[in-house]
Amino acid sequence: LIRCQSTSTEEPKTRNPLDNASNLLTNLLSGGNLGSMPIAEGAVSDLFSRPFFFSLYDWFIEHGSVYKLAFGPKAFVVVSDPIVARHILRENAFSYDKGVLADILEPIMGKGLIPADLDTWKLRRKVIAPAFHALYLEAMVKVFTQCSERSILKIEELLHGKKTVELDLEAEFSSLALDIIGLGVFNYDFGSVTKESPVIKAVYGALFEAEHRSTFYVPYWKFPLARWLVPRQRKFHKDLKVINDCLDGLIRNAKETRQETDVEKLQQRDYSNLKDASLLRFLVDMRGDDVDDRQLRDDLMTMLIAGHETTAAVLTWAVFLLAQNPSKMKKAQAEIEQVLGQGKLTFELIKQLKYIRLIVVESLRLYPQPPLLIRRSLKPDVLPGGHKGDKDGYAIPSGTDIFVSVYNLHRSPYLWDNPNEFEPERFLVKRNNEGIEGWSGFDPSRSPGALYPNEIISDFAFLPFGGGPRKCVGDQFALMESTIALTLLLQKFDVELRGSPEEVELVTGATIHTKNGLWCRLKKRSDVH
Ligand code: HEM
């Protein structure tokens, strides 16, 4: 919402409020009617010199886990407390909508799940969630593996005859995630790991604009005639048309070959013999869901955007963290060797890749995507109390804009030991004297059988996919995809950063990514063939 500029990956420091360079923000802080809530007083320069969520973290340490912040005439409430987050996201979820986020995303995603109004959301969530059923996820293991193998092959070809190769792994992960989402969601092979195409360019163009919009408070794209007069808006609409034409063609094809069946039967299909295991196929074949093409296209576009950069970012930061912790990289490789050897990955084997799975979630803890969840209250509410300044809870009026700072929750010194350290093992301490393994400080019995620590086990201290009814619908898809891609990369290569970690500058929009790429040096592992 504020333009977030690049900075180094250094950890946020607690600021001295006396450093404040400007009274401007302080003067603007009177907006809103939020009772005795603490008010953040920060230097405006903070907002323009480094990612926004770093400043939100410093103010959290200074003011507590619920505070008010204002920009211009507008006040925001920043939440870094698990109980308040649980209240907003789960217990009282339908008293909130996506507020400013919906304004930004609606022109791109239409009535897709993320920006959809409540009525549309209810209908579509009921149809889309069952499409991510167990056999679908199992079938996706093949897609994740084949796409990852294409990336590995590409690196091997680049390495041919050389000891090491330098590569921007963020760009590689972005191509990989695009190929996977295309195949998984609508059975379309972008093939972006190895080629460029007008559709790929259009997807990146649209993503770039979506990101640009998410960093601006002023909705410049709504200005009259902007669509025709502003070159960047003209390009954006051209890109959207290329993607929409592609999606419309895929929807047409799927509808022409429709085989209508009950949901339960669709969920039990023999996926090993299916040529097209995609979500689109499921949604089109589902009996009783005569959705119009426009809605279907919005659904596909939403999943394309929601599932692409987020997963690429998880892989990017996992490698960034591992490269700085060679002993943890070795530990991960030892696990891969023990579980897989040089064999193939299967759904069952993922269950044994415990350490890799914890690396993925620990990367999401340190670099949550997105770092903030955005909500606006639809009616007056009272946020749970017990905080500095208000024991009974804060009354908030209708229309209050809220940031649930996942970044703050995930790095809260009140919730985690060594919050800024990369310690995948933190989730795996013995919980009691009986030697039961569980996730540190959490209660695995709340979510029995979960392959990955989640918001239920942590009681909303760990929220990588949000929580409550609007929780990510693709969480298991993304976690498995990341686990497989990381496993296959580490199975073949040792990875180190080309420069120092401080040189990897950090930028945020919808996700946290690097300014100039994650440049790494890759070497084929000498102990494997
Ligand atoms: C929602 C994170 C991958 C589809 C969300 C939300 C988060 C999130 C935090 C909740 C947003 C909110 O409450 O405001 C992630 C991360 C991913 C990922 C970190 C990768 C590591 C995916 C994938 C798909 C997907 C692969 C689809 C294939 C969606 C959709 C929603 C959503 C449709 C909206 C759900 C609703 O409102 O009902 N995601 N996501 N995401 N995500 Fe994901």
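This structure is a prediction, so every number in the text was calculated from the model and none was measured. Order of appearance sets the numbers: ligands from 1, and atoms from 1 within every ligand.
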Which protein heavy atom lies closest to [atom], and at what distance to 0.1 Å?
atom: atom 14 (O) of ligand 1; result: Arg375 NH1, 2.9 Å
atom: atom 2 (C) of ligand 1; result: Gln369 O, 3.5 Å
atom: atom 4 (C) of ligand 1; result: Ala306 CB, 3.6 Å
atom: atom 35 (C) of ligand 1; result: Arg125 NH1, 3.4 Å
atom: atom 33 (C) of ligand 1; result: Val473 CG1, 3.6 Å
atom: atom 34 (C) of ligand 1; result: Ile114 CG1, 3.3 Å
atom: atom 23 (C) of ligand 1; result: Gly307 CA, 3.4 Å

Starting at [atom1] of [X], measure out to [atom2] of [Y] and round the result to the nearest 0.5 Å.
X: Met303; Y: Cys472; atom1: CE; atom2: SG; value: 10.5 Å
X: Phe282; Y: Thr261; atom1: CZ; atom2: OG1; value: 9.5 Å
X: Asn253; Y: Phe186; atom1: CG; atom2: CZ; value: 13.0 Å
X: Leu486; Y: Glu481; atom1: CG; atom2: CD; value: 12.0 Å

Are [X] and [Y] in a cation-pi setup, meaning NZ or CZ lies under 6.0 angstrom from the ring centre and within 45 degrees of the ring axis?
X: Lys331; Y: Tyr355; answer: yes
X: Lys122; Y: Phe94; answer: yes
X: Arg375; Y: Tyr96; answer: no

Using a 4.0 Å heavy-atom threshold (strictly under), name the region of [X] that reaches ligand 1: side chain, backbone, both or neither.
X: Val314; result: side chain
X: Ala313; result: neither
X: Leu364; result: side chain
X: Phe465; result: both
X: Phe132; result: side chain

Heavy-atom contact under 4.0 Å between Lys98 and ligand 1?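 The answer is yes: ligand 1 sits under 4.0 Å from a heavy atom of Lys98.
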What do you reckon, does Ile181 put a non-hydrogen atom under 4.0 Å from ligand 1?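 It does, in that a heavy atom of Ile181 comes within the 4.0 Å cut-off of ligand 1.
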Could you list the atoms of ligand 1 found under 4.0 angstrom from a heavy atom of [X]?
X: Leu373; value: 9 (C), 11 (C), 12 (C), 14 (O)
X: Pro464; value: 2 (C), 9 (C), 19 (C)
X: Lys471; value: 35 (C)
X: Gly466; value: 9 (C)
X: Trp121; value: 36 (C), 37 (O), 38 (O)

Are any of the N/O atoms on Arg470, whether in the backbone or the side chain, positioned under 3.5 angstrom from an N/O atom of ligand 1?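 Yes, at least one N or O pair falls under 3.5 Å.
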Can an N or O of Ser482 be found at a distance shorter than 3.5 Å from an N or O of ligand 1?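 Checking ligand 1 against Ser482, no N or O pair falls under 3.5 Å apart.
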Check: [X] ring centroid to [Y] ring centroid under 6.0 Å:
X: His513; Y: Tyr367; result: no
X: Phe208; Y: Phe236; result: no
X: Tyr188; Y: Phe190; result: yes
X: Phe403; Y: Phe53; result: no

Will you find, in the side chains of Glu309 and Thr511, an N or O donor that is under 3.5 Å from an N or O acceptor?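 The answer is yes; a qualifying pair exists.
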Say whether Asn420 and Arg411, considering side chains only, have a donor N or O and an acceptor N or O under 3.5 Å apart.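 Asn420 vs Arg411: donor-acceptor pair found between side chains.
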Compare Pro370, Ala478, Cys472, Ala93 and give the one whose heavy atom is closest to atom 40 (N) of ligand 1.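 Ranked by closest heavy atom to atom 40 (N) of ligand 1, first place is Cys472.
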Nearest-option assignment for atom 17 (C) of ligand 1, heavy atoms, candidates Ile88, Asp299, Thr302, Thr310: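 Among Ile88, Asp299, Thr302, Thr310, the closest heavy atom to atom 17 (C) of ligand 1 comes from Thr310.
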Please name the pair of heavy atoms, one in Ala277 and one in Ala139, separated by the smallest distance, quoted to 0.1 Å.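 That closest heavy-atom pairing would be CB-CB, 4.4 Å.
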